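These notes concern the structure reproduced below.
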Amino acid sequence: MKKIIIVGGVAGGASAAARLRRLDETAEIVMFERGEHISFANCGLPYYIGGKITDKRNLTLQTPESFHARFNVDVRTFQEVVSIDKEKKAVTAKDVRTGESYQETYDALVLSPGAAPLVPNIGGINNKKVFTLRNIPDVIKIKEHIEKEHPRDVVVVGGGYIGIEMAENLMNAGLSVTVVEMANQVIAPLDFDMACSVHGYLVQKGAKLILNDAVKGINDKDGRLGVEIGQGEIMTDMLIMGVGVRPESALAKSAGLEVNERGSIVVDKNMRTSDADIYAAGDAVEVTDFVSGQKKSIPLAGPANKQGRIIADNICGISSEFHGTQGSAILKIFDMTVATTGLNEKTAKSLGLEYDKSFTFSPSHASYYPDAQTMSVKTIFEKKTGKILGAQVIGFDGVDKRCDVLATAIRDGMTAYDLTQLELCYAPPYSSAKDPVNMAGFVIENLLTGKVKNFHWHDVESLPRDGSVTLLDVRTKSEYRNSHIDGFINIPVDELRSRIGELDKAKKAYVVCQIGLRGYIAARILSQNGFDSYNLSGGCQLYDSIFSG
């Protein structure tokens, strides 16, 4: 009979325990959790603060009692594993309430300690009005503080997933929110050009957004907090730190297990550590990026649960491998949805890949059916092959399924040509006959086959305004009068054929429209009439979203 010890009762640890029992009814399984709760929904914590989840009991998927009843796992809460003796194959555990220590031996050991919030070393960080969010006790503290102290406003430090989710839910709870982010954008997996629409939406919803700045100190001032940033001081009633997480790998380090320079536990494809009898899963481990092959840390619940299952398989003699993660993630911001998968442009550029990008705007369903809303899609692809490397999708309806299709395409190594062939479900309330995923494929196919050449928003400023090139806006006259890019003349696309004689074929033609579609039509007209033409990818809609702020 095998004895398996699991350190950590959330995500990877709980998944490993449940899978182990389903595979081996005779195994002795002991799961240690230093907190009170196991198998809780980390990703749901902000929604308890915002009131979407009203009963905190709904944050726990299993209690220690229910987990034991269903899976016959010896669940020990408030028990922290403080050391590992690899030679004796034993762990020392401590009861965090009494301080009592004891040892347990194992045949296999599973580490799933997760990650802890990063807390910067700044003055005032330990103020009782400063909070972090990692677990259920944290969320209860925040909720109780709001209910008892009735704060009017809050500063959220960090514009990542947790920070933005917290901003939304704190606003839903009635607080005025200021988000402070050190980078020039929120949601780091997005590229800047896609994040700009998120910035505009957050401000539109009433959030204050401060970018390119950081908190330098926190001071008590007449019962409130004075938050020092580079631009000055923000007065607030409370502060939430959401600047990221670090792997909880101290136990692994002290046991002499291999960790990388960032502190993540190094594992192989079977999720084994440098010790053959010790496995690790979840936010504390180093993973392989599925697309680039680079080693990195990607703290997401989906991969953690898969890793726990893979560990259980291997312990039970079933060969099972983790093939990397592509970082597929999704975020709700009020009514907006932001989803990403695979490489972003920043990463592709840093790796020196031969890539290109396309921007498409498509309705969430047939435009003639009521309430269709535009979604924006940025697709990163290999220049030579058209292989899809990454995608970012932002919109208000249907974003999740489009990004899921693109994530599946990346996992299968599909190209843009494959996207054009996908047969996706269509009815007017749900999609268009040419789905947004198909449209992304069509646009890239046109680029790959030379039917059109693109230029991008960041090329516009450098275009000469001395008459040596043709700068052409093919929107309607009223659209052009409403706003246009400096230096561009207006010939609506429907008049282009009859007025093409006004243009000089010896000059390169740079064409813009609202989203790129009419620009493509105009570029095809021009190219077939002997012009060297280029179409602005994403059109004025993308350009304006970047430069309007």
Side-chain angles (χ1 to χ4, degrees), residues 191 193-194 345 348-349 353-362 376-392 415-420 434 436 438-475 484-497 499-500 502-544 546-547:
D191 288 315
D193 41 31
M194 294 294 281
E345 185 180 0
K349 185 180 292 185
L353 301 182
E354 288 292 317
Y355 75 93
D356 203 349
K357 60 194 174 189
S358 73
F359 298 91
T360 50
F361 292 88
S362 301
S376 57
V377 182
K378 179 175 182 178
T379 312
I380 311 296
F381 60 95
E382 279 185 350
K383 274 187 176 181
K384 289 183 180 179
T385 66
K387 181 180 178 181
I388 307 303
L389 301 175
Q392 300 160 45
T415 68
Y417 303 107
D418 296 316
L419 296 188
T420 69
K434 295 176 182 176
N438 296 136
M439 289 304 299
F442 292 140
V443 168
I444 298 169
E445 179 187 47
N446 286 334
L447 289 168
L448 295 171
T449 55
K451 293 181 179 67
V452 70
K453 291 182 283 189
N454 275 355
F455 69 109
H456 293 287
W457 62 268
H458 46 75
D459 301 319
V460 172
E461 186 179 356
S462 62
L463 292 175
R465 264 71 170 179
D466 59 2
S468 60
V469 299
T470 298
L471 304 179
L472 183 62
D473 188 324
V474 298
R475 295 177 299 168
H484 59 270
I485 302 172
D486 180 55
F488 281 73
I489 63 170
N490 179 226
I491 301 179
V493 65
D494 293 339
E495 300 176 15
L496 183 57
R497 288 184 182 89
R499 296 177 60 183
I500 202 165
E502 300 174 22
L503 305 176
D504 185 351
K505 288 184 182 180
K507 298 177 181 179
K508 290 182 178 180
Y510 293 88
V511 184
V512 303
C513 69
Q514 188 61 19
I515 63 172
L517 178 57
R518 284 173 289 174
Y520 166 63
I521 295 169
R524 289 297 299 154
I525 293 170
L526 290 167
S527 65
Q528 292 178 84
N529 280 276
F531 288 80
D532 185 10
S533 60
Y534 299 79
N535 182 35
L536 179 61
S537 184
C540 290
Q541 183 162 322
L542 177 66
Y543 183 87
D544 289 344
I546 295 167
F547 292 104

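Model, not experiment: these values are computed from the prediction.
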Task: Under 3.5 Å donor-acceptor, Arg524 side chain and Val452 backbone - done: no
Open item on the list: Are more than 12 heavy atoms, taken from residues, nucleotides or ligands other than Lys357, located less than 6.0 Å from that residue's NZ atom?
Closed with: yes
- [ ] Please answer whether the main-chain N or O of Ser537 pairs with a side-chain N or O of Asn454 as donor and acceptor at a distance below 3.5 Å.
- [x] no
Task: Over all atoms of both residues, closest heavy-atom pair of Thr379 and Val377 - done: OG1-CG1, 3.6 Å
Task: Within-4.5 Å side-chain heavy-atom neighbours: Leu353 and Glu382 - done: no
Task: Reported CD1-to-CG distance for the pair Ile444 and Leu419, which is rounded to 0.5 angstrom - done: 6.5 Å
Task: Heavy-atom donor-acceptor pair, Asp459 side chain to His456 backbone, under 3.5 Å - done: yes
Task: Backbone N/O of Asp193 and side chain of Asp191: donor-acceptor pair under 3.5 Å - done: no
TODO: Please state whether the rings of Phe455 and Tyr510 are parallel, tilted or perpendicular, taking 30° and 60° as the class boundaries.
DONE: perpendicular
Open item on the list: Using a 6.0 Å cut-off, check whether atom CD of Gln528 has over 12 heavy atoms from anything other than its own residue.
Closed with: yes
Task: Rounded distance (nearest 0.5 Å) linking atom OG of Ser362 with atom CD1 of Ile515 - done: 7.0 Å
TODO: Indicate yes or no for a side-chain donor-acceptor contact from Arg465 to the backbone of Asp486 under 3.5 Å, with no hydrogens or angles considered.
DONE: yes
TODO: Measure the spacing between CG of Asp532 and CG of Leu526 and express it to the nearest 0.5 Å.
DONE: 10.5 Å
Task: Separation between CD1 of Ile491 and CG of Leu503, rounded to the nearest 0.5 Å - done: 4.5 Å
Task: Lys453 atom NZ: more than 12 heavy-atom contacts under 6.0 Å - done: yes
- [ ] Compare every heavy atom of Ser468 with every heavy atom of Lys507, then report the nearest pair and how far apart it is.
- [x] CG-O, 3.6 Å
TODO: Kindly indicate whether the side chain of Ile485, heavy atoms from C-beta on, has any atom under 4.5 Å from the side chain of Trp457.
DONE: no
Open item on the list: For Leu542 and Phe361: C-alpha separation, side-chain torsions, deciding distance, then whether side chain to side chain contact (heavy atoms under 4.5 Å, CB included) applies.
Closed with: CA-CA 9 Å; Leu542 177 66; Phe361 292 88; 4.1 Å; yes
TODO: Could you pull out the closest heavy-atom pair between Pro464 and Leu471, with the gap in Å?
DONE: O-CD1, 3.7 Å
Open item on the list: Just so I know, are the side chains of Tyr355 and Lys349 near enough to count as touching, which here means a heavy-atom distance under 4.5 Å?
Closed with: yes
- [ ] Supply the atom-to-atom distance Ile489 CD1 to Asp473 CG, rounded to the nearest 0.5 angstrom.
- [x] 9.5 Å
- [ ] State, yes or no, whether a side-chain contact exists between Gln392 and Glu345 at a heavy-atom distance under 4.5 Å.
- [x] no
Open item on the list: With rounding to the nearest 0.5 angstrom, report the CD to CD distance, Glu502 to Glu495.
Closed with: 9.0 Å
TODO: List the steps and the verdict of side chain to side chain contact (heavy atoms under 4.5 Å, CB included) for Leu472 and Leu496.
DONE: CA-CA 10 Å; Leu472 183 62; Leu496 183 57; 4.1 Å; yes
Open item on the list: Looking at every heavy atom in both Arg518 and Cys513, which two are closest together, and how far apart are they?
Closed with: N-SG, 3.5 Å
Open item on the list: On a heavy-atom basis, which atom in Val460 and which in Phe488 lie closest, and how many Å separate them?
Closed with: CG1-CE1, 4.4 Å
TODO: For residues Gly386 and Leu448, report the shortest heavy-atom separation together with the two atoms involved.
DONE: CA-CD1, 3.5 Å
Open item on the list: Between Thr470 and Ala509 (side chain of the first, backbone of the second, donor and acceptor by atom type, cut-off under 3.5 Å), is there such a pair?
Closed with: no
